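This one's a predicted model, so the numbers in the text were calculated from it and none came from an experiment.
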Amino acid sequence: YDGGAVRFTSAIPTQLPTTASIYGRAVNLNPLVRVRIQNFPQDVALTEVTAYLGGSVVARVVEIDHTQKCPTPTLSCSVNRSVVVFESPNIASPIEWQVQISARGVAQVSFPVQYFVPCSFDTFCAASSLTADPQWLSDNPPPSEACFAGGVCIDHNTLPTTQLRSVTPVVGPADGGTVVTVRYEGIPAFKPSDVPVTVGSGSTSVQVAVMRLEPEPGSTLVSNRGTLVFAMPKVPGGDTTQLTTVPVRIAVNFGNIQSEGTTSFQYTPVLKGAAVLESVWPAELPAAAAAQVVTVRLSNFPRLSSLADRQLVVATFAGGAAFAATSVIASDYTATSATFTLDTPAVTSDAVLPLTIYHASSGPTRAAAANLTVLPPPEPTVNSFFPTKGTMGSPVSLSTTVSHLDPALTEAQLSVRLFVSDTLGNPFPGAGGTAHYRTLAITEFLVLHGTGCLKTRCARVTVKFSIAVDELPSSLVEDGALCRVEISASTGDVVSFSLPMEGNRVPSLLSVDPVNLDVDQVQSTPYTIIVRNVADDFCAVGGVVGAGCTVTFGGKAVASVLEARTNGKQRTIVVQPAAEATSGPQAGVIGSGTQQFTFNVFYTLPLAAASPIDGVCAGGGVVSVSAVGWGTVPTAAHVSEGLVTA
């Protein structure tokens, strides 16, 4: 007897299952086989030990344990006992095979093992309306062909609800490729093929294969956690230019198990080409001005993760050096709004200068571009004045609006002068003389621009003043005058406008009296009309209407001219209107010879009279109402007495 010879002592187990099939999917059953060997070499490493099945199939050796050792590893002795552990490989069909254990390529021991076909657990469990757990079965390979329910058959109705504990990232470009990692709980699957992922919905949805499925150790159908990884496809529908949010469905359809979890993914637009400058405000800037703030809105521009990243939004102006945005107002996948502070150059005429803006990571080649107009300081201008003319001998109150003066000017820094010339343009008092002018007092000064206006371009004021009768030469009263009003500022700015003053020889209507006439008193009320600068025989007394004198009220001729008198340039005509009249405004006309004037007369209805004005509470009294202007036969009568209508 050779006590130092290498000998096979035992192997547990020697009955091994083949690969099982659960719901049409292969389940690897790889039990560990413990082989006891006497006098096995003690100085070999794990990687130097090999287990062969049938002389060709290699089984993975997972452990060597020397339970009893010789005093020196290189010696063999009768007390040397070792255990070699290997994992049964995947065998598809039942067979008896010899197992050979080798060390450094030298065969040490051999022994037989028998592979058997395990129970069809999917069918066995289904008979009890249960579901076979392939992971539990893989972790606990059956020792024989016998079927059993414990551990492997579960009630799918008791499975926990699927939870997606985390999904990262949830945003990515619309052209796809974003790798998404999902940490889950309650997904009863153990192979990537068990978990189809659907991106989108309806006819444009896309099926995505799971790249990796990594259940945590010990996971089963009943209790499991793990991680799955997949890559997002191109946005369903194919539009990569829009910000799109789509549902992502992670489902399990295994046996009679149906479980799913849903999340969402946001596709961001794919930026192509240059950024787009959608708006710039203001588009016009004053020349030689510092710290001019310009606000822009950009599209096809990368979203900023923080509004503090203003240095990523870069601009150039008028071909100068690049500079960062002053602030970022908003930024999302649709648009980014930012402000820039510019200093404008001095120009003598309108200048169109380029503004370019780009993301720091994209560079100037993808810059958005627009033009800003730089304007020189505008000249002070009279925008309007009212009235646009006056009449000699009558005071004139003027209101003038002026733009582009210094916005800080006050009333005390302005002066108004009136220059007078005759109607031929000769300065008063005559040709060759010094122009006559009077200084006019400002009666009101209104600032129309806001407090934020600091430049002449936005400045706007109203100046009000009056020209009294005695401000103009009396010698020009008959012929009229050509006046020029000059408004000057302490800054040296001067504006002016022409104001023609008509001579009082122009025939004109001065007044009518009374303005209102009761229709029942028309025949007994004389009507006075005052005109000036007309002929002395204008509508003479006793004149026959229609023969040299025409006076009509509402198209009806007056009865006669009662009085006509002249006082200097004024002529007063008193007429008697016709008796019949209708309430409301009526157009009046007075004319004689080639001169004619129009005016308005207002006929009013007198109050109606009722009699009696009291009566008994029981009613039944007769009330008479008298009124003028209701027509000859009223079509309806409504009498209200307190809250009672009769």
Side-chain angles (χ1 to χ4, degrees), residues 162-187 189 192-214 226-253 259-279 296-310 312-314 325 328-338 357-363 365-368:
T162 296
Q163 298 181 37
L164 305 183
R165 297 166 58 194
S166 69
V167 181
T168 55
V170 293
V171 177
D175 53 0
T178 302
V179 176
V180 177
T181 299
V182 179
R183 299 189 182 278
Y184 65 83
E185 181 174 348
I187 290 184
S193 58
D194 293 339
V195 189
V197 176
T198 304
V199 178
S201 60
S203 60
T204 61
S205 62
V206 179
Q207 293 287 331
V208 178
V210 172
M211 299 163 57
R212 295 198 314 274
L213 179 68
E214 300 172 348
T227 302
L228 63 86
V229 179
F230 59 91
M232 291 298 294
K234 183 178 180 180
V235 60
D239 187 356
T240 61
T241 64
Q242 300 296 321
L243 183 67
T244 307
T245 300
V246 298
V248 178
R249 178 174 173 266
I250 301 172
V252 176
N253 189 2
S259 178
E260 69 176 53
T262 302
T263 184
S264 62
F265 186 86
Q266 189 175 59
Y267 282 105
T268 60
V270 177
L271 304 181
K272 296 181 180 179
V276 177
L277 197 52
E278 292 189 346
S279 64
V296 302
R297 176 181 168 88
L298 300 149
S299 60
N300 199 41
F301 194 84
R303 171 184 173 271
L304 303 181
S305 58
S306 171
L307 297 184
D309 295 336
R310 63 180 184 85
L312 298 178
V313 188
V314 183
V328 177
I329 302 171
S331 183
D332 55 29
Y333 294 107
T334 302
T336 294
S337 296
I357 304 173
Y358 56 90
H359 192 277
S361 65
S362 303
T365 58
R366 294 183 60 182

Set out, in order, the CA-CA distance, both residues' side-chain angles and the distance that settles side chain to side chain donor-acceptor pair (under 3.5 Å) for Thr162 and Ser259, then state yes or no.
CA-CA 7 Å; Thr162 296; Ser259 178; 2.3 Å; yes

What do the steps show when you test Phe230 against Val195 for side chain to side chain contact (heavy atoms under 4.5 Å, CB included), and what is the final call?
CA-CA 10 Å; Phe230 59 91; Val195 189; over 6 Å; no

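Considering only heavy atoms from C-beta on, His359 comes within 4.5 Å of Leu304 through its side chain. Looking only at side-chain heavy atoms (C-beta outward), Leu243 and Pro269 come within less than 4.5 Å of each other.
Rounded to the nearest 0.5 Å, atoms CG (Asn300) and OG1 (Thr334) are 11.5 Å apart. Taken from CZ in Arg165 to OH in Tyr184, the straight-line distance is 10.5 Å, to the nearest 0.5 Å. Interatomic distance, CG of Leu312 versus CZ of Phe301, reported as 8.0 Å (0.5 Å rounding).
Contact between Ala174 and Val270 at its shortest, heavy atoms only, is N-CG2, 3.7 Å.
Remark: Arg303 qualifies as a cation-pi partner of Tyr333 under the 6.0 Å distance and 45° angle criteria applied to the six-membered ring.
Within a 6.0 Å radius of CZ in Arg183, other residues, nucleotides and ligands contribute 12 heavy atoms or fewer.
Looking at Arg212, its side chain never comes within 3.5 Å of a backbone N or O of Leu228 through a donor-acceptor pair. Remark: the backbone N or O of Gly172 is not paired with any side-chain donor or acceptor of Thr178 at under 3.5 angstrom.
Sorted by first then second residue, the side-chain hydrogen bond (donor to acceptor under 3.5 Å, both in side chains) pairs that include residues 260-275, not counting sequence neighbours, are Arg249-Glu260.
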